[in-house]
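These numbers come from a predicted model, not from an experiment.
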Amino acid sequence: MIWANGLFGQKVDDVTGVGRQTSLSRCLWVAPALLCAALALSACGDASRFEAASSVKPTVAAKPPKPAVVQTPAAEKEHERILASYGGAYDDPRLEALITKTVDRLVAASERPDLAYKVTILNSGAVNAFALPTGQLYVTRGLIALASDTSEISSVLSHEMAHVLAKHASIREEQARQASIVTRVVTDMGSDPDLTALALAKSKLTMASFSRAQEFEADGIGVGISARAKFDPYGASRFLAAMERNAALKASRTPLDPRAQDFLSSHPATPERVQNAQANARQYSSPDGGERDRETYLSAIDGIVYGEDPSEGFVRGRRFLHPKLGFTFQAPEAFTLDNTAQAVIGVREGGNQAMRFDVVRVPSEQTLSDYLNSGWMENVDKATTEELTINGFPAASAIARGDQWQFRVYALRFGSDVYRFIFAAKQKSTESERNARDTVNSFRRLTLAEIQAARPLRIKVITVQPGDTVESLSHRMSGVDRPLERFRVLNGLENNASVKARDRVKVVVD
């Protein structure tokens, strides 16, 4: 079994769901076991113009080839699983060039410049980065969008390189054990592995993490590498703080664990951790003494996709849309939707109601009523099963009861696919029944105009003009909740910080 070294303390192990947080079409056919959540982070000159004038050219030693990452069958398998779970690779040559150049610079400054690393940018809006023991580094576009300069991204990459250099993965490989984050809901939902894999209210796993000593060791090694590479060593403490603020912003809008899909889940950026990163940085430089390379970085990320990729299904407010598959539905008021690798999860404020939406394989010759009573879910009251038609689509519904939760289940056939809506309530009520019914009845085809209008959100880098303020600039943000707070987090601005004319800042646009 291969463990992935997770930035700031997480790892990836056995990514068995073929999909990702934002990829319903890729993953919903799979009955995933347990999806781990996880997870953090050359230039050549042309000397031909300066040849000697002598008729005999001096012999120039050939530059040794750049070492390559050794791909073992196990590492290749893990690589494919990671790609499947995080939407594949994100194709952006400009970003790839920036990241590769940064890694080459860090490698040259490390204690092992002979080691090889290969970077893959993942097409995921989650804030994650991690590494395999073989030197394969992964960073999500969500993390790239959050960082504000090259020194911050270098701190992520050098931290991950430090885990490889210190062989932490090898140490942890034999010690690690997985521990699922589950609620009582899971035990009430029967034996279906697709359901057991994902509680309605908490959708990830917490994997065995690096020890506190290993994390601090990686912090120290990483800061040293960044500093010797002439990057601002304070980038690590700034980015730790940015990640914590980003997680807090997520926590304010959803009852789900805000760090469940990010690498802060096992090692949050505690004040002690930030202070330690600052203390490490002071050994090498005074604040603002190193290179941040902000302008180059902002130019490279201008236009990067932000959040979910609409082509694979996305959440806008209480609505879920899947342009590629051509459908949409809307959750009830006071519900927060989260598009995960295995399902769309919704939780009501207070946590006393929840919902799950996914797709399953049902033979065309099997009726939906028979499917609901086929045993995939325990304690189904067969007497409550009824055939329905929802917006022209054949459907069926039934009630199931657990020890602490009551369930209303729908199966709906859309073309050759069958989708499930599973609604859970602590106590069955008129409101919970209405919420379930209204949500299912909102399921419909997307119009051609809606499909064509489903564009991804992107980061746009703009220049602050005289008279612009944080508040006025935040009004230019599209498609995001709490735009003022998100603008500050994206741009590394504290609550009392302001912007100055000619500053370059990030906004989210559609």
Side-chain angles (χ1 to χ4, degrees), residues 40-41 43 90-106 119 121-125 127-129 139-158 226 229-243 245-246 249 287-307 456-480 483-494 497-510:
L41 284 272
Y90 182 69
D91 184 19
D92 188 323
R94 185 172 52 177
L95 272 181
E96 292 167 5
L98 174 70
I99 298 298
T100 299
K101 184 177 180 180
T102 302
V103 169
D104 287 347
R105 185 168 159 182
L106 293 170
V119 184
I121 301 174
L122 297 172
N123 187 25
S124 170
V127 180
N128 291 334
V139 58
T140 62
R141 57 173 170 77
L143 185 145
I144 293 172
L146 180 62
S148 291
D149 56 49
T150 309
S151 73
E152 292 185 7
I153 206 73
S154 78
S155 75
V156 172
L157 295 165
S158 62
S226 288
K230 306 304 182 184
F231 288 116
D232 178 13
Y234 290 86
S237 59
R238 289 198 309 275
F239 196 62
L240 279 167
M243 289 188 296
R245 292 178 65 200
N246 185 64
L249 185 58
D288 301 321
E291 179 183 333
R292 293 193 181 186
D293 199 21
R294 178 176 170 84
E295 294 303 310
T296 300
Y297 188 79
L298 291 180
S299 295
I301 69 170
D302 190 17
I304 188 174
V305 172
Y306 180 81
L457 299 177
R458 293 185 182 273
I459 292 290
K460 181 177 178 60
V461 177
I462 61 176
T463 301
V464 178
Q465 301 299 317
D468 283 342
T469 65
V470 170
E471 290 73 16
S472 67
L473 291 169
S474 69
H475 291 321
R476 300 175 66 172
M477 303 269 281
S478 303
V480 297
L484 177 59
E485 293 90 335
R486 194 163 298 280
F487 177 84
R488 289 189 179 278
V489 169
L490 273 176
N491 290 286
L493 297 172
E494 298 295 335
S498 59
V499 292
K500 301 187 296 295
R502 293 186 297 279
D503 282 351
R504 297 179 77 201
V505 294
K506 295 177 280 184
V507 294
V508 178
V509 298
D510 57 15

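Remark: Lys101 NZ to Ser154 OG distance equals 13.5 Å, nearest 0.5 Å. Here the CD1 atom belonging to Ile121 is positioned 4.0 Å from the CD1 atom belonging to Ile144, to the nearest 0.5 angstrom.
In this structure, the side chains of Ile301 and Arg141 stay at 4.5 Å or more apart for every pair of heavy atoms. Side-chain contact between Asp149 and Arg238 is present, with at least one heavy-atom pair separated by less than 4.5 Å. Leu493 has its side chain within reach of Val470: a pair of non-hydrogen atoms, C-beta onward, lies under 4.5 Å apart. For the pair Val489 and Leu146, the minimum side-chain heavy-atom distance is below 4.5 Å.
With sequence neighbours left out, the side chain to side chain donor-acceptor pair (under 3.5 Å) criterion links Ser472 to Thr469. Ala229 is linked by a side chain to side chain contact (heavy atoms under 4.5 Å, CB included) to Arg105, Leu106, Ala109, Phe231, counting only residues two or more places apart in sequence or in another chain. For Glu295, the side chain to side chain donor-acceptor pair (under 3.5 Å) criterion is met by Arg504, not counting sequence neighbours. Evaluation of the side chain to side chain contact (heavy atoms under 4.5 Å, CB included) rule for Ser148 yields Glu152, Arg294, Lys506 as partners, not counting sequence neighbours. Under the side chain to side chain donor-acceptor pair (under 3.5 Å) criterion, Tyr306 pairs with Arg486, not counting sequence neighbours. Qualifying salt bridge (charged side-chain N to carboxylate O under 4.0 Å, His left out) partners for Asp293, counting only residues two or more places apart in sequence or in other chains: none. Listed by chain and residue number, nothing satisfies the side chain to side chain donor-acceptor pair (under 3.5 Å) test with Asn491 (two or more places apart in sequence, or in another chain).
Heavy atoms only, all atoms of each residue included: Val305 and Tyr90 are closest at N-OH, 3.1 Å. In plain terms, the two heavy atoms of Ile99 and Leu157 that are nearest each other are CG2-CD1, 4.2 Å. Of all the heavy atoms in Asp510 and Leu457, the pair that sits closest is CB-CD2, 3.6 Å. The minimum heavy-atom distance linking Leu98 with Ala300 is given by the pair CD2-CB, 3.7 Å. Closest of all the heavy-atom pairs between Ser474 and Phe487 is CB-CB, 4.1 Å.
Using modelled atom types and a 3.5 Å distance limit, the side chains of Arg94 and Ser299 yield no donor-acceptor pair.
For the side-chain hydrogen bond (donor to acceptor under 3.5 Å, both in side chains) condition, no pair includes a residue of residues 458-467, sequence neighbours left out.
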| said: Using the rule given for side-chain hydrogen bond (donor to acceptor under 3.5 Å, both in side chains), can you reason through Ser158 versus Ser226, listing the C-alpha separation, both sets of side-chain angles and the distance that settles it, and then say yes or no? | reply: CA-CA 7 Å; Ser158 62; Ser226 288; 3.1 Å; yes

